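Please read the structure below before turning to the comments.
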Amino acid sequence: MAKSPELEHPNKAFGWAARDTSGLLSPFNFSRRVTGEKDVTFKVLFCGICHSDLHMVKNEWGSSIYPLIPGHEIVGVVTEVGSKVQKFKVGDKVGVGCMVGACHSCDNCDNHLENYCPKMILTYSAKYYDGTITYGGYSDTMVSDEHFVVRIPDNLPLDAGAPLLCAGITVYSPLRFYGLDKPGMHVGVVGLGGLGHVAVKFAKAMGVKVTVISTSPNKKKEALEHLGADSFLVSKDQDQMQAAQGTMDGIIDTVSAQHPLLPLIGLLKTQGKLVMVGAPEKPLELPVFPLLMGRKLLGGSCIGGMKETQEMIDFAAKHNITADIEVIPIDYVNTAMERLLKTDVRYRFVIDIGNTLKSSN
C-alpha cells in the first residue's frame, strides 16, 4: 500500500496542489525527505509562475501526476545542509529551477548538459530516485541535491530573480550556444511575454542590437522605452516585415501559440539562425526552400545545464537583469492562472510564499 503524501517522508510540509485536470489549486499537506548527506534544505520565500505550470496543472502535456504541486522558479534561504555539502551553508540565498536530478554518467551530464540527460528528473510531477513523486515550489520548504541548487548573489532581489531560473536560462542558453551574443549582432525576439522580455534584457546586456517582433502594435512603447529594444516590428504588417528582410543574424522565438515560420525565416541574413524556445502544442508548418536558399538554420533549446544556469544568474546580477514581476499572495494563485491564460500579466507572476503561505493546521 502506497503511503499518503503526508506520511511518505519524515518532515511535514505544506503547499498548494492541483488534484485533477480542472487545475484548481488548494491547500495541501504533504512531506519532504530528511536532508541527505548531499542535500540542501531551504525555506521557500518566492516562487515564480511559469506558463508550463498552467499546462501541467491541467495535464495538457499528458505527463502530470496528481496531486501536483507546481513551481520551478524557487528561491529562498538555506535552513540545513547535509554532511557532504560543499557549496552551501545555512543562511545562504539559493534557488532551484526546472530539474532536481540526472544520471551523472551520460555524455550530456559529463558535458554539463544535465537538462538533456535522458534520465533528467523534473522539479515537480516526476519520479525521484527513491520512487516518490517530486513536488514543486508552491510550498513552504524545498529539499534538493546540492548539484541542482543555484547560489543567488546578494545584489539580485529574490522575488524578481526567481523567474530567471526558468525564463532566464531558457533564453540565455540559446543566445550563448548559437553565438548570438556578439556585440554588434542583430537579434530578433518574437513575443514579448515572460520569456521575451527577459530575452531582450539579456541580449542588450551582451551588446546585441535587438528588434522585438510582435503581433501587438500596442507593445511598441513598452519594448523600446521600458525594455530598451532598438526597434519593433509588427509581424502582421507586411510592409514592415518586407523592409526588415535579410537583416537579422538570429531570432529567438518565444511564442508557444500557432504561428507562421516563413515570415521569420525571411528576416534572417544568409546563415541566420531561427531558434525555438516556445513550445506550441501542435506541429508548425516548416517551409524548406527558404532554409536552403540562405543556408539558414532552424534550431531549438530547452533550459540549460547547472553550470550555465549559475553563470546566467551571475551575469544577471552583474548587469542588474531581473524579470518584471507582479507579486501575489498564494490565495490569488487560481486567479493568476486564469490571467496567465489570457496573457494578462507583465510579465511574470511571483508568489510571495514566505509571507502568505500559511498552513491551516
Side-chain angles (χ1 to χ4, degrees), residues 1-23 25-26 28-42 44 47-74 82 84-85 94-110 112-150 165-166 169-170 279 281 302-306 309:
M1 176 79 183
K3 285 186 178 176
S4 75
E6 219 173 333
L7 303 172
E8 205 164 44
H9 298 292
N11 292 340
K12 278 188 165 52
F14 177 71
W16 278 47
R19 311 302 205 281
D20 54 48
T21 55
S22 72
L25 293 146
S26 58
F28 178 64
N29 290 300
F30 69 111
S31 54
R32 292 281 190 200
R33 68 179 184 271
V34 168
T35 310
E37 58 182 22
K38 289 187 174 174
D39 283 340
V40 172
T41 296
F42 64 95
V44 178
C47 185
I49 299 183
C50 175
H51 211 277
S52 50
D53 296 346
L54 186 56
H55 292 291
M56 288 296 288
V57 294
K58 297 184 173 186
N59 195 25
E60 286 173 356
W61 291 337
S63 61
S64 302
I65 305 166
Y66 296 101
L68 183 150
I69 299 182
H72 59 207
E73 301 178 345
I74 317 163
K84 292 191 177 167
V85 168
V94 295
V96 165
C98 304
M99 56 184 169
V100 291
C103 78
H104 300 295
S105 59
C106 67
D107 283 351
N108 287 323
C109 284
D110 287 346
H112 305 289
L113 296 172
E114 303 91 343
N115 49 317
Y116 299 121
C117 171
K119 294 182 178 170
M120 187 256 283
I121 300 171
L122 293 169
T123 300
Y124 66 85
S125 201
K127 202 165 256 189
Y128 201 63
Y129 305 116
D130 61 6
T132 62
I133 301 306
T134 57
Y135 293 115
Y138 297 14
S139 61
D140 55 4
T141 57
M142 188 71 196
V143 186
S144 170
D145 183 295
E146 76 165 329
H147 185 81
F148 296 93
V149 178
V150 174
L165 292 165
C166 169
I169 187 61
T170 295
E281 282 173 42
C302 185
I303 57 171
M306 293 316 302
T309 301

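Keep in mind that what you see is a predicted model, and the values were worked out from it rather than measured.
Taking CD1 of Ile169 as the start and SG of Cys302 as the end, the distance is 10.5 Å to the nearest 0.5 Å. Taking OH of Tyr129 as the start and SG of Cys103 as the end, the distance is 8.0 Å to the nearest 0.5 Å. In this structure, His9 NE2 and Arg33 CZ are separated by 7.5 Å, a value rounded to the nearest 0.5 Å. Here the SG-CD distance, from Cys98 to Glu73, works out to 7.0 Å after rounding to the nearest 0.5 Å. Taken to the nearest 0.5 Å, the CE atom of Met306 stands 10.0 Å off from the CG atom of Asp145. For the atom pair Asp20 CG and Asn59 CG, the distance stands at 10.5 Å (nearest 0.5 Å).
Looking only at distances, a side-chain donor or acceptor of Asn115 sits under 3.5 Å from a matching main-chain atom of Gly305. At distances below 3.5 Å, at least one donor-acceptor pair connects side-chain atoms of Thr123 with backbone N or O atoms of Met99. Panel note: side chain Asp140, backbone Phe14; a donor-acceptor pair is recorded below 3.5 Å. With hydrogens and angles disregarded, no donor-acceptor distance shorter than 3.5 Å links the side chain of Asn108 to the backbone of Leu113.
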Please report the C-alpha distance between Ile133 and Glu8 in whole Å, then the side-chain angles of each, then the deciding distance to 0.1 Å, and finally whether the side-chain contact (heavy atoms from CB on, under 4.5 Å) criterion is met.
CA-CA 10 Å; Ile133 301 306; Glu8 205 164 44; 5.6 Å; no
Test Phe148 against His104 for ring pair (Phe, Tyr, Trp, His ring centres under 6.0 Å), laying out the working first.
CA-CA 12 Å; Phe148 296 93; His104 300 295; 5.6 Å; yes
Given side-chain contact (heavy atoms from CB on, under 4.5 Å), test Val100 with Thr134 step by step and report yes or no.
CA-CA 9 Å; Val100 291; Thr134 57; 4.1 Å; yes
So Glu146 and Asp39, side-chain contact (heavy atoms from CB on, under 4.5 Å) or not? Walk me through it.
CA-CA 5 Å; Glu146 76 165 329; Asp39 283 340; over 6 Å; no
Report the C-alpha distance between Tyr124 and Leu68 in whole Å, list the side-chain angles of each, state the deciding distance to 0.1 Å, and finish with yes or no for side-chain contact (heavy atoms from CB on, under 4.5 Å).
CA-CA 7 Å; Tyr124 66 85; Leu68 183 150; 4.0 Å; yes
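For Arg19, there are no salt bridge (Lys or Arg N to Asp or Glu O under 4.0 Å) partners at least two apart in sequence or on another chain. With sequence neighbours excluded, the residues forming a side-chain contact (heavy atoms from CB on, under 4.5 Å) with Leu7 are Ser4, listed by chain and number.
In terms of heavy atoms, Cys106 sits closest to Pro118 at SG-CD, 4.1 Å. Across every non-hydrogen atom of Ile69 and Ser139, the tightest pair is CG2-CB, 4.5 Å. What you find for Glu114 and Ala102 is that their closest heavy atoms are CB-CB, 4.0 Å. Contact between Tyr138 and Leu25 at its shortest, heavy atoms only, is CE2-CD1, 4.1 Å. Here the shortest heavy-atom pairing between Leu165 and His72 reads CB-O, 4.4 Å. Of all heavy-atom pairs between Gly137 and Cys47, the closest is O-CB, 3.5 Å.
A donor-acceptor pair shorter than 3.5 Å cannot be found between the side chains of Ser125 and Ser64. In this model, no donor atom of one side chain and acceptor atom of the other lie less than 3.5 Å apart for Tyr135 and Arg32.
Using a 4.5 Å heavy-atom cutoff, the side chains of Val40 and Val85 are in contact.
Classified by interplanar angle (parallel below 30°, tilted 30° to 60°, perpendicular above 60°), the ring pair Phe28/Phe30 is parallel.
In Asp107, the CG atom is not crowded: 12 or fewer heavy atoms of neighbouring residues, nucleotides or ligands sit closer than 6.0 Å.
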